[in-house]
Amino acid sequence: MNGDAPVLWIAVPTAVAGAASFGLASAVQHRVTKEVTEHRMLRPGFLFGLIRKPVWLLSIVTVVVGLSLQVVALAFGPLVLVQPLLVTSVLFGAAFAAWMAHRKLDLVLAAGGFACVGGLSAFLVLARPEGEGGGFTGAPVAPLAIVLGVIVVGAVLAARRFRGEIGAISLAAATGVLYGITAGLMKVVADQVRASGVAEPFGHWTLYVVCVIGPVGFLLSQQTFQRGKLISPALAVITTIDPLVSAAIGVSWFGERLDLSPAILAGEIVALLVLIAGVAVLTHRSEQLRRHLDRRHRSAGSTGLTWG
């Protein structure tokens with residue numbers, strides 16, 4: 001065994017445990033949000049309803065546990081190892097959701113989830129972002145910020161226009177972008193703390209942007225879970241868009257570099273196509289199952305069933 005083996009023995013289990021924590025929290029939130037009256041998007045009354053649910057509050061504790069495990073995993077392992085393992089929260093979330101509903105995990109949904117995990121993992125491993133990161137390099141911030149802002153606004157408008165899984169997927173896309181921006185800016189905040197102490201971030205705009213974008217992204221995630229009949233498609237979209245946006249921020253704002261040699265670029269394109277195919281499979285299959293569940297609910301007069 002090489003000298004990195006003891007480090008990986010810590011990084012890998014903690015990353016997997018963190019992914020399981022995120023998946024469990026998402027499954028619980030997906031179920032509990034359906035017990036709260038639906039509000040218009042970005043209305044705080046929705047969160048007030050959730051706060052009254054003890055199980056939902058416990059899910060927040062589970063999220064904190066997952067974040068703590070993620071920090072430990074990143075302390076002992078490289079990003080290209082830890083991030084793909086954390087993406088398996090998609091599979092954990094689907095499995096926990098099916099278990100809570102006393103149903104078997106749908107194999108087509110599982111296959112779509114594996115495609116998302118495999119495609120994103122392959123992309124991250126091949127791209128291997130390099131550079132210090134964690135701080136702005138002087139490159140213009142506006143171009144990428146405008147693009148990401150247009151995506152978020154467009155996704156929210158699409159969610160208002162379309163109901164069902166399409167609307168939920170649109171909200172999930174907006175959530176993933178906001179989470180990715182938050183993660184990228186948090187790297188800046190962490191770098192400021194390491195360099196100058198805990199008081200330093202309060203003198204810069206990045207901390208205040210995080211304090212706005214982070215909660216908005218979280219609120220959208222809860223409304224995504226409420227609107228989606230199934231957890232797998234929405235969770236897959238959030239989990240895959242988040243690191244892709246973070247990578248774009250790293251390259252555009254922080255001067256990080258991706259490996260874009262011809263062979264590697266071809267592999268990255270294939271990986272992204274696999275990821276897109278996985279999301280398409282999840283969306284199509286979830287629409288089929290949603291219609292099936294709706295028919296069963298109307299015939300049996302029952303509610304609250306959840307597939308993976």
Are [X] and [Y] packed together at the side-chain level, in the sense that at least one heavy-atom pair is separated by less than 4.5 angstrom?
X      : Y      : value
Leu244 : Leu120 : yes
Val87  : Cys116 : no
Gln226 : Phe46  : yes
Leu24  : Met100 : yes

Any pair counted as salt bridge (Lys or Arg N to Asp or Glu O under 4.0 Å), so long as it reaches residues 45-56, sequence neighbours left out: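 Output for this query lists Glu35-Lys53.
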
Shortest non-hydrogen contact from [X] to [Y]?
X      : Y      : value
Phe96  : Ala20  : CE1-O, 3.6 Å
Pro215 : Val210 : CD-O, 3.7 Å
Ala172 : Ile238 : O-CG1, 3.5 Å
Leu207 : Pro201 : CB-O, 3.7 Å
Thr175 : Gly217 : CG2-O, 3.5 Å
Thr224 : Ala168 : CG2-O, 3.4 Å

Salt bridge (charged side-chain N to carboxylate O under 4.0 Å, His left out) against Glu200, all qualifying residues, sequence neighbours excluded: none

Linked, directly or transitively: [X] and [Y] (ILVMFWY side chains, under 4.5 Å):
X      : Y      : result
Val147 : Val177 : yes
Val64  : Leu69  : no
Val55  : Ile60  : yes
Leu275 : Val270 : no
Ile276 : Leu109 : no

Which ILVMFWY residues can you reach from [X] by hopping between side chains whose heavy atoms are under 4.5 Å apart?
X      : result
Leu126 : Ile264
Val281 : Val108
Val150 : Ile146

Output yes when a side-chain donor or acceptor of [X] lies under 3.5 Å from a complementary backbone atom of [Y], and no otherwise.
X      : Y      : answer
Ser21  : Ala17  : yes
Lys34  : Arg227 : no
Ser252 : Ile249 : no
Ser89  : Phe22  : no
Ser59  : Trp56  : yes

Pairwise ring-ring contact (aromatic ring centres under 6.0 Å, His included) hits with a residue in residues 147-202, at least two apart: none

Residue pair Gln223, Leu219: steps toward the side chain to side chain contact (heavy atoms under 4.5 Å, CB included) verdict: CA-CA 6 Å; Gln223 294 185 307; Leu219 178 56; 4.2 Å; yes

Distance (rounded to the nearest 0.5 Å) between Ser246 OG and Leu185 CG: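 The OG atom of Ser246 sits 9.5 Å away from the CG atom of Leu185.
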
Nearest-0.5 Å distance, CZ of residue Phe225 to CG of residue Leu171: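 Going from the CZ atom of Phe225 to the CG atom of Leu171 covers 11.0 Å.
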
Distance-only donor-acceptor check, side chains Gln222 and Thr33, under 3.5 Å: no

Greater than 12 external heavy atoms within 6.0 Å of Tyr208's OH: yes

Phe218 atom CZ, over 12 foreign heavy atoms within 6.0 Å: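 Count over threshold, so yes.
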
Evaluation steps, side chain to side chain contact (heavy atoms under 4.5 Å, CB included), between Leu50 and Gln29: CA-CA 9 Å; Leu50 290 174; Gln29 291 165 3; over 6 Å; no

Check against side chain to side chain contact (heavy atoms under 4.5 Å, CB included), Val28 and Leu58: CA-CA 9 Å; Val28 171; Leu58 286 175; over 6 Å; no

Steps toward side chain to side chain contact (heavy atoms under 4.5 Å, CB included) verdict (Leu148, Leu144): CA-CA 6 Å; Leu148 296 177; Leu144 180 60; 3.9 Å; yes

